[in-house]
Amino acid sequence: MPMEKTFSPAEAEARISKAWIDRKVGAAGAHARPGAPAFSIMIPPPNVTGSLHIGHAFNNTLQDILIRWHRMRGHDTLWQVGTDHAGIATQMVTERDMALHKEPSRTEMGRETFLARVWQQKAKSRGTIISQLQRLGASCDWDREAFTMSGAPGAPSGEEGNFHDAVIKVFVDMYDKGLIYRGKRLVNWDPHFETAISDLEVENIEVAGHMWHFKYRLAGGETYEYIEKDEDGNVTLREVRDYISIATTRPETMLGDGAVAVHPLDTRYAPIVGKMVHLPLCDRVIPIITDAYPDSNFGSGAVKITGAHDFNDYAVAKRANLPCYRLMDTRGAMRSDGAPYADAVVRAREIAAGSSTDEAEVDSLNLVPEKYRGMDRFDARKAVIADINAIGLSVSTLVKQIDPETGSEHLTREPLVDVRKIMQPFGDRSKVVIEPMLTDQWFVDTVRIVQPALDAVRSGATRIIPESGEKTYFHWLENIEPWCISRQLWWGHQIPVWYGLAIDADDFVDDEGDNALDQVEILGILGDGGYIDREARFHCAADAAAVTGRFNDDLARLPHPLNVSRVVEVADRHAAVEALAVSLAEYVVTQDPTHLIYPIWRDPDVLDTWFSSGLWPVGTLGWPVNTPELQKYFPTSTLITGADIIFFWVARMMMMQLALVGQVPFNTVYLHGLVRDAKGKKMSKSLGNVIDPLEIIDEYGADALRFSNAAMASLGGVLKLDTQRIAGYRNFGTKLWNACRFAEINGVWQGHGTGPAPKPKATVNKWIMGETAKVLTEVDAALADYRFDNAAASLYSFVWGKVCDWYVEFAKPLFDGPEATETRATMAWVLDQCMIMLHPFMPFITEEVWAATGTRSSMLVHADWPTYGPELADAAADTEMTWVTGLIDAIRSARSEVHVPVGLKLDMLSLSMDPAAQAAWARNEVLIKRLARVESLTPATQTPKGAITIAATGASFALPLDGVIDIAAERTRLQKALEKLGKEIGGLKGRLGNPNFATSAPEEVVDEARANLEAREDEVAKLGAALKRLAEIG
RNA sequence: GGGCGGUUAGCUCAGCGGUAGAGCACUACGUUGACAUCGUAGUGGCCACUGGUUCGAUCCCAGUACCGCCCACCA
């Protein structure tokens, strides 16, 4: 069946894609030679938040190229596919969708219903993503599709799998090893999502801000002499003050100040260090302390310390043992919980005076005065500023005012407000201002697992390319901070920790040592008080059944064991308090110990998504079960991912895999930049420059997009995607199609399939085979070196520049000659090689041509990648064809420049030809004549008047053009050529004339320069003579 | 403030010790047995700047300028 005139991507891609999927061509180990090395890639799992963008298309193209290349080479390949549950992002997308469809809100639904709803969202997005990958031509092992939350409680059918179990096991194991801990720390709090986030999820953005200056008055009406000096020690200001001046960009936090800090060497404040100041708007006094943190040269040199709302202040507060009073609730509004302000402040004063307290009590104290309670933090800021201004405690300056009516000038006092750029933290998902918040969270003690991850890259066990990625990697890991892994979300892996209530142990027995359970007091969460064992705050295990035993053991150690009690899991802490109270009440009435229950509840928080994606390499291979796949494909070969997630994901996978199984997760990490638009702008919905990969595929075909991706994959830069370029590679596909169509029309395959390399006799056939071998070497080398751009460029220039431009043209006359048979065989072979080598880059069109041409024993996807090498190269053929193409180029160029009509066939004269040239001419006469439009070649001894000269290696020709020639144009041509030669000769002579060159430069370089000079001078002689003759006729 | 890149033809980028290449764009010509999603020929570059190393630098080194990206708590 003859090939269609054009390739139609839409129809063919769908059909071919289906065939690949049906035949499971991407199954693990498909087309593997026995005993072949394994090659595996883990897909960076796309978030199930929607669809794939153009960056995914780029990323997955590169992975598929490597996978297809290795698979065709007979390696045992696995491309592991799957998706990521993306906790915060998916929860956000789902809630947005729920709002759009006017569904009940998340809180109205309740946790269980909401999670079911997210699973639906997940299923939808997952389907979109998988079909997009398939349209791109990705040859993953679709039967192994994984999901980072597979097997989680509540997962619908079809979501079985053990990823959840693996995540829980890792948490428990790491907890048992002390690598995970719980603690009240200052964390980045997202008031929109009402969850903690890690520092990586915070974006610091410079915004216009203000700095206010407040006066904190010394207690007891004290005063001091404030002296300011310049650099030379001269006094510039001396005044008696009854206050200390502080500056802040966040006035609302002053309500929680614990102290004012100054630098210990700051002489200005030395007289008042240790004294107390009144906190404005609050009925509290706080001390002036010293700490190395304040910079004497910035602002007033005095810093208000709010331990609960600033990371620096927190550190100072810890050093000075100051209480950290939390001022805001989870939504970033000023607290409205707890006791009235008057009561809270009394207790705060006691604590300040030295009354013993603990973290929990300090956290429970709400020191926000009633007036501000419940206010949004930004409203509270305005209110605090206004109130401080009103009581005259703002630092003020004199401002010149001009009365608009009278024009008279007068000075007024205005509060000092500096307008300045400040760096403000924003949530990367929510885009709201992040609040440092003192909360209980779970952390990975990263410093304890970081070293192997550093060593692995230093030793080369894992290689990161480009190399600059390694520097970034080291820098971050060397300065690693604890990783906050708990999130106050619902969608995710729930933390496998259960809490119990603290009960005052002393109440279990009365003074006589008798049972006094009826007096037991519920104190709060286990661990808040000193229940049973201060260390046994909670229990961590894979499931409730596993922790039950541990709680029972704890209970058994009570003074009066609740040895008949039952540990029962309840929903939350609130339910636990109620349940225990009911149970105790019943016991009091019945005195029947079987009524006693001990309620426990699970930590409601879920794990940071990156904690689970950190297990992707082992988790998808079945770990903790030691599956055959785990043994075969781990460590994986290559990770291809965006440089933007090197910390989020790459570094954490390294740390976690090394911590879990003691092996690196991958041998090579290939990092690429963000895909931008043609102008280098970041694609964004608001800019309207987003390129949808499916639209590109619809318009240009998947192959064109893929080839563009490969061609622009140079290391290190910004990736600019230009549709013009994609169109160019679409044309390239068409070019290949047409060349194959030409061959097919000419019966080169003659119904046969691909076979061993032919052994042709004609130079041109030997030559193209050598060129094929060359390009194979280049492509293999480029791919081995992750230079997708170089591989694409080699293939492009070979297929278009060599095969189509020259070989197909050469073959045309040969099809009519004695070499027709070998030429057909050679062309079939060469085009087969083109299809094979292009297949990883352009799988659809090559698969289609493959099927449309010879009789094939397998689909192209499972064809064997060639292994021939230098034996196919033929130096003599190479030299000869270089001469032939050079001569044709020279004749064409000369003809064109003197405006010889294209269709005109010319008689050519040979003025001189050495034996090599004669032989080359003899063997390729038909080809040259046809492509250069030469009618005949006649020996001549003299160049006739009105002829143009063609110089070739070892030969000189003339084209008599009397009457046809454009003399002026020919003169210009010759002069231009001479000028160029003159420049070259000048350079060469300069080098050769330098005595140091001959002595210092390598011999072959000197020889080459000499030979070059000789050749150039020879050409100058010929062209010079031609110019002279031109003068004669002109 | 710290770190990492980049600066080569109008555009997008290769090259990285022997005075420059590709694709696109542009110009002229063109329907020659597949291809106008094409063919042939051509125009176009003191390789950011200043020093240094070298026989020789776009390439190595130092500095400058500009442009990106990442990290960072100056209240």
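From a predicted model like this one, the values you see are computed outputs, not experimental measurements. So that the names make sense, note that chain A is the first sequence line, chain B the second, and so on, each numbered from 1.
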Undergrad: Please report the distance, rounded to the nearest Å, between CH2 in A:W212 and P in B:C74.
TA: 17 Å
Undergrad: Of all the heavy-atom pairs spanning A:R892 and A:W806, show the shortest one and how long it is.
TA: NH1-CH2, 3.9 Å
Undergrad: A:R895 CZ to B:A41 P: how many Å, rounded?
TA: 12 Å
Undergrad: What are the atom names and distances for every N/O pair under 3.5 Å that joins the protein to nucleotides 59-63 of chain B?
TA:
none

Undergrad: When you check the phosphate oxygens OP1 and OP2 of B:G15, does a side-chain N or O of A:R787 lie under 4.0 Å from one of them?
TA: yes
Undergrad: For A:W806 and B:U40, is the shortest distance between a side-chain N/O and OP1 or OP2 below 4.0 Å?
TA: no
Undergrad: Hey, which of these two, A:P294 or A:Q724, hits RNA chain B nearer its 5' end, going by closest nucleotide?
TA: A:Q724
Undergrad: How far, in whole Å, is B:C38 from B:U31 if one measures between their C1' atoms?
TA: 10 Å
Undergrad: Would you say B:C35 has OP1 or OP2 under 4.0 Å from some side-chain N or O of A:N731?
TA: no
Undergrad: For B:A75, does OP1 or OP2 lie under 4.0 Å from any side-chain N or O of A:R420?
TA: yes
Undergrad: Reading RNA chain B from 5' onward, which residue's closest nucleotide shows up sooner: A:Y729 or A:K720?
TA: A:K720
Undergrad: Strictly below 4.0 Å: does A:K812 bring a side-chain N or O up to OP1 or OP2 of B:A34?
TA: no
Undergrad: What heavy-atom pair brings A:C484 and A:S198 nearest, and what distance separates the two atoms?
TA: O-CB, 4.1 Å
Undergrad: Using a 4.0 Å heavy-atom cut-off, does A:P995 contact any base of the nucleic acid, only the sugar-phosphate backbone, or nothing at all?
TA: nothing
Undergrad: Quick check on B:C35: is either OP1 or OP2 less than 4.0 Å from any side-chain nitrogen or oxygen of A:K5?
TA: yes
Undergrad: Provide the distance between the two C1' atoms, one in B:U19 and one in B:C55, to the nearest whole Å.
TA: 14 Å
Undergrad: Grab the CD-P distance between A:E1003 and B:G56 for me, whole Å please.
TA: 20 Å
Undergrad: Based on Watson-Crick and G-U pairs with both distances under 3.5 Å, what dot-bracket line describes RNA chain B 5' to 3', crossing pairs as [ ] and inter-strand pairs as |?
TA: ((((((((.[[[[.)..(..]]]].(((((.......))))).....[[[[[..)....]]]]])))))))....
Undergrad: Check the phosphate of B:U19 against A:R991, side-chain N and O only, distance under 4.0 Å to OP1 or OP2. Yes or no?
TA: yes
